[in-house]
Amino acid sequence: MSSISIYESNKRNSSIAGFTSNIFSSNQLIHLYSNHGLLRDAQKLFDEMPHRNVFSWNTIISAYVKAHNLAQAQALFDSASQKDLVSYNSMLSGYVGADDGYETEAIDLFIRMQFVRETVGIDEVTLTTMLNLASKLRVAIYGRQVHSYMVKTGNDGSIHAVSSLIDMYSKCGLFGEAWNVFSGCEGKVDLISKNAMLAACFREGKMDLGLNLFWENLELSDTISWNTLISGYAQNGYGEKSLSMFIQMVQNGVKWDERTLASVVSACSGLKCLELGKSVHAWVLKNGFISNQIISSAIVDLYCKCGNLKYAESVHARIGTNNPFSVASFIAGYSSQGNMKEAQRVFDSLTEKNSIVWTALISGYVKTQQCESVFKLFKDYMTTEALVPDALVFISVLSACAIQAALTMGKQIHAHILRIRLEMNKKLLSALVDMYSKCGNIAYAEKIFHLFTDSDRDAVIYNVMVAGYAHHGFEHEAFRLFQEMLKKNVKPDAVTFIALLSACRHRGLIQLGEQFFRSMEDHNILPESDHYACMVDMYGRANELDKAVEFMRKIPIEMDATVLGAFLNACRVSSNVELAKEVEEKLLKVEANNGARYVQLANVYAAEGNWDEMGRIRKKMRGKEVKKLAGCSWIYLENGVHVFTSGDSSHSKSDAIYTALIYLNEKLHFSSTEYVEDIF
DNA sequence: GTAGGGTTAG
């Protein structure tokens with residue numbers, strides 16, 4: 001109604017004031033139509049204008065940019081009889097803000113602007129728009145170049161520039177640079193740049209820094225600031241803090257919106273808190289928020305994370321869309337239940353696949369240790385996907401390489417990452433260190449570890465390197481690095497101690513192991529079953545069954561198969577069949593379907609020549625129809641992977657292979673004899 | 001006097 005009355009008054013004005021006023025009011029009206037989504041009316045009015053000025057052209061171009069009709073915007077831009085810097089900037093922001101696929105056009109237009117710089121010019125709007133392109137592409141070198149361009153042309157001072165720079169550096173993985181920009185303009189920080197810095201802190205996992213920033217100047221905060229905190233905590237795995245921030249937000253009388261709600265749902269999923277999630281779901285249904293795609297896909301994710309895929313399917317079906325985010329949740333949900341068939345099915349059902357679903361499926365195959373499927377999918381991803389390569393995909397594939405000890409593949413992926421100049425973030429570097437270490441190349445792992453600057457070294461990367469040293473038998477290096485970690489005030493976590501305790505158990509360093517275990521309390525880390533299992537295994541390997549028994553008595557948590565299995569091993573080493581029998585019952589209660597456990601049990605009895613007991617276990621195994629997967633070795637050749645089990649003769653060239661093996665064995669024998677002779 | 005650029009959700 002309001003647009004009609006303005007149209008009426010516009011007609012009246014034009015009859016009084018003539019052309020200039022007519023152009024002015026028409027421009028305003030076009031803008032108004034566009035803001036209300038009435039693009040046809042806007043176009044009609046534009047077409048009917050007897051005279052237009054540069055504002056008319058810019059307004060109609062922007063109208064099409066806003067409506068995401070870039071083809072039409074571009075056609076108007078190309079045919080416009082009057083063009084100025086605003087026309088260029090409007091078109092540029094259209095390309096940059098497009099959902100996908102206009103990056104080249106944006107760069108081309110920016111280059112063309114360099115040629116008309118004398119007449120049209122380039123200003124801060126142009127450059128902040130280009131910063132957006134850099135953050136969208138996550139390519140820090142572009143962002144840096146634009147930043148220096150801004151400095152050179154004196155376009156880096158305004159508050160618009162500051163928030164864009166913070167956002168760009170943060171999204172490109174350069175938190176330190178973002179912080180430098182922020183702290184370099186103290187005094188004139190506004191709400192938006194503060195919010196950008198808050199988001200940067202939480203993106204980097206620096207929650208305390210973000211929280212301080214938030215409370216320091218509470219007057220300078222709005223719904224977006226609160227939303228940033230609530231979602232930031234949820235995304236970093238602090239569901240409870242996220243929910244308590246939401247409560248504080250309500251208590252402070254701050255208006256919340258749909259984004260707040262989406263984050264609250266995601267906090268519930270993180271906590272696997274089905275009850276609370278369900279009540280939020282009910283509330284969402286009652287208040288009509290279910291039509292919001294992001295909220296409803298967050299609810300789908302909630303049910304998937306809680307393992308209730310039936311509920312998730314029904315919510316998904318009711319929304320009835322092709323939403324890639326919900327599909328990614330299903331893929332993760334089915335993967336965590338080991339059901340890759342269903343995961344693959346929902347993936348295949350999606351017509352338009354984004355990086356998120358690719359990442360979800362690939363990491364699903366990694367979790368279920370189906371590495372060949374990972375490599376095959378990765379090939380498809382690289383050849384069919386026109387998207388910006390996602391670091392998370394590379395991280396997943398690198399961990400598949402680590403599982404398979406596929407060094408050549410890992411090296412190729414590393415080279416590829418360098419070639420496409422993917423920004424090396426911490427997670428990617430950690431994945432590389434882990435890959436090289438687990439593929440047996442500790443020297444390369446070390447090299448990459450040293451690429452981390454001191455301030456970049458967090459607990460995760462230290463853990464990877466400490467574990468790497470431990471696995472390669474360099475326990476002194478592992479302990480040294482742990483000391484360094486403490487000295488640099490990096491807080492060790494549960495994983496750190498698993499690495500340290502493993503180093504001790506492999507070397508029989510009982511006293512040191514006990515010391516590490518006790519010191520966990522000083523670091524406020526509660527031992528988990530893996531730690532207990534490490535300790536039991538340590539005593540077991542050192543033939544200290546008494547100590548293992550004593551330790552077991554003190555374990556305050558319910559013992560799972562890892563701990564019991566370690567104890568069983570200790571019984572085998574100390575040839576104690578009686579205790580083995582005791583633990584057998586408990587072990588088969590908690591893990592009745594793991595074939596490997598039966599074999600382990602049978603081996604304990606067999607080692608003592610107790611064939612009756614062994615036969616009994618074998619029978620038990622048959623009755624339960626459990627199988628143990630045969631241990632195997634494999635080799636990568638040009639045309640793929642070849643898997644061998646002991647005494648395997650199924651390979652088409654097995655005769656030739658065994659002949660070569662006999663020959664190699666002889667060679668090996670000779671050389672090891674020579675080696676021994678050298679020493680003595 | 002009108003038109004273009006900055007922060008938060010799955």
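So that the names make sense, note that chain A is the first sequence line, chain B the second, and so on, each numbered from 1.
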Quiz item: B:dT2 P sits how many Å from A:F24 CZ, rounded?
Solution: 7 Å
Quiz item: What nucleotide among B:dG6, B:dA9, B:dT8 has an atom nearest to a side-chain atom of A:S163?
Solution: B:dG6
Self-check item: For atom CG of A:L29 and atom P of B:dG1, their distance in whole Å
Solution: 20 Å
Practice problem: Check the distance between B:dG5's P and A:D84's CG and give it to me in whole angstrom. | Solution: 14 Å
Quiz item: Quick one: A:L165 CG to B:dT7 P, roughly how many Å, whole number?
Solution: 12 Å
Exercise. Pick base, sugar-phosphate or nothing for A:N27, based on heavy-atom distances below 4.0 Å to the nucleic acid.
Key: base
Self-check item: Nucleotide of B:dG5, B:dT8, B:dT2 approaching A:Q28 most closely (side-chain heavy atoms)
Solution: B:dT2
Practice problem: Could you tell me the separation between the CE atom of A:M49 and the P atom of B:dA3, rounded to a whole number of Å? | Solution: 14 Å
Quiz item: What nucleotide among B:dG5, B:dT8, B:dG10 has an atom nearest to a side-chain atom of A:E124?
Solution: B:dG5
Quiz item: Between A:S90 (side chain) and A:S62 (backbone), is there a donor-acceptor pair under 3.5 Å?
Solution: no
Quiz item: Please give, in whole Å, the distance from B:dT2 C1' to A:F46 CZ?
Solution: 14 Å
Quiz item: Hey, is A:H31 stacking on B:dA3? Ring centres under 5.5 Å, planes under 30°.
Solution: no
Quiz item: Quick one: which of B:dG6, B:dA3, B:dG10 gets closest to the side chain of A:S297?
Solution: B:dG10
Self-check item: Closest nucleotide among B:dG5, B:dG6, B:dG10 to the A:D190 side chain
Solution: B:dG6
Practice problem: Pick base, sugar-phosphate or nothing for A:D222, based on heavy-atom distances below 4.0 Å to the nucleic acid. | Solution: nothing
Quiz item: Are the aromatic rings of A:F378 and A:F394 close, with centres under 6.0 Å apart?
Solution: yes
Quiz item: Would a distance-only check, ignoring hydrogens and angles, find a side-chain to backbone donor-acceptor pair under 3.5 Å from A:N354 to A:V357?
Solution: yes
Exercise. Report yes if some heavy atom in the side chain of A:L127 is under 4.5 Å from a heavy atom in the side chain of A:T153; otherwise report no.
Key: yes
Quiz item: Is A:D257 touching bases, backbone alone, or none of the nucleic acid, heavy atoms closer than 4.0 Å?
Solution: nothing
Self-check item: A:N323-A:Q293 side chain donor-acceptor pair, cut-off 3.5 Å
Solution: yes
Quiz item: Listed in order of residue number, which residues of residues 53-77 of chain A have a non-hydrogen atom at under 4.0 Å from DNA chain B?
Solution: A:N53, A:F55, A:N58, A:T59, A:S62, A:K66
Exercise. Can you sort out the partners of A:S266 under side-chain contact (heavy atoms from CB on, under 4.5 Å), two or more places apart, ordered by chain and number?
Key: A:A234
Self-check item: Euclidean distance, atom NE2 of residue A:H316 to atom P of B:dG10 [Å, nearest integer]
Solution: 18 Å
Quiz item: Any donor-acceptor pair under 3.5 Å linking the side chain of A:N227 with the backbone of A:I230?
Solution: no
Self-check item: Atom-pair distance (CG on A:L198; P on B:dT8), nearest Å
Solution: 11 Å
Exercise. Indicate, yes or no, whether a donor-acceptor pair under 3.5 Å links the base of B:dG6 to the side chain of A:N195.
Key: no
Quiz item: Base, sugar-phosphate alone, or nothing: which one does A:S193 contact when heavy atoms must sit under 4.0 Å apart?
Solution: base
Quiz item: Of the nucleotides B:dG1, B:dG5, B:dG6, which has the atom closest to the A:S158 side chain?
Solution: B:dG5
Exercise. Taking only the side-chain nitrogens and oxygens of A:N323, find out if one of them lies under 4.0 Å from OP1 or OP2 of B:dG10.
Key: no
Self-check item: Short side-chain N/O contact from A:R259 to OP1 or OP2 of B:dG10, under 4.0 Å
Solution: no
Practice problem: Tell me what A:K171 touches on the nucleic acid: a base, only sugar-phosphate, or nothing, going by heavy atoms under 4.0 Å. | Solution: sugar-phosphate
Quiz item: For A:K426, what residues pass the salt bridge (Lys or Arg N to Asp or Glu O under 4.0 Å) criterion, not counting sequence neighbours?
Solution: A:E204, A:D458
Self-check item: Sugar-phosphate, base or nothing in reach of A:R52, heavy atoms under 4.0 Å
Solution: nothing
Self-check item: Option among A:V116, A:T126, A:I122 that satisfies the side-chain contact (heavy atoms from CB on, under 4.5 Å) test with A:Y88
Solution: A:V116
Exercise. Give one of base, sugar-phosphate or nothing for A:L131, where a contact means two heavy atoms less than 4.0 Å apart.
Key: nothing
Exercise. Answer with base, sugar-phosphate or nothing: what part of the nucleic acid does A:Q235 contact at a heavy-atom distance below 4.0 Å?
Key: sugar-phosphate
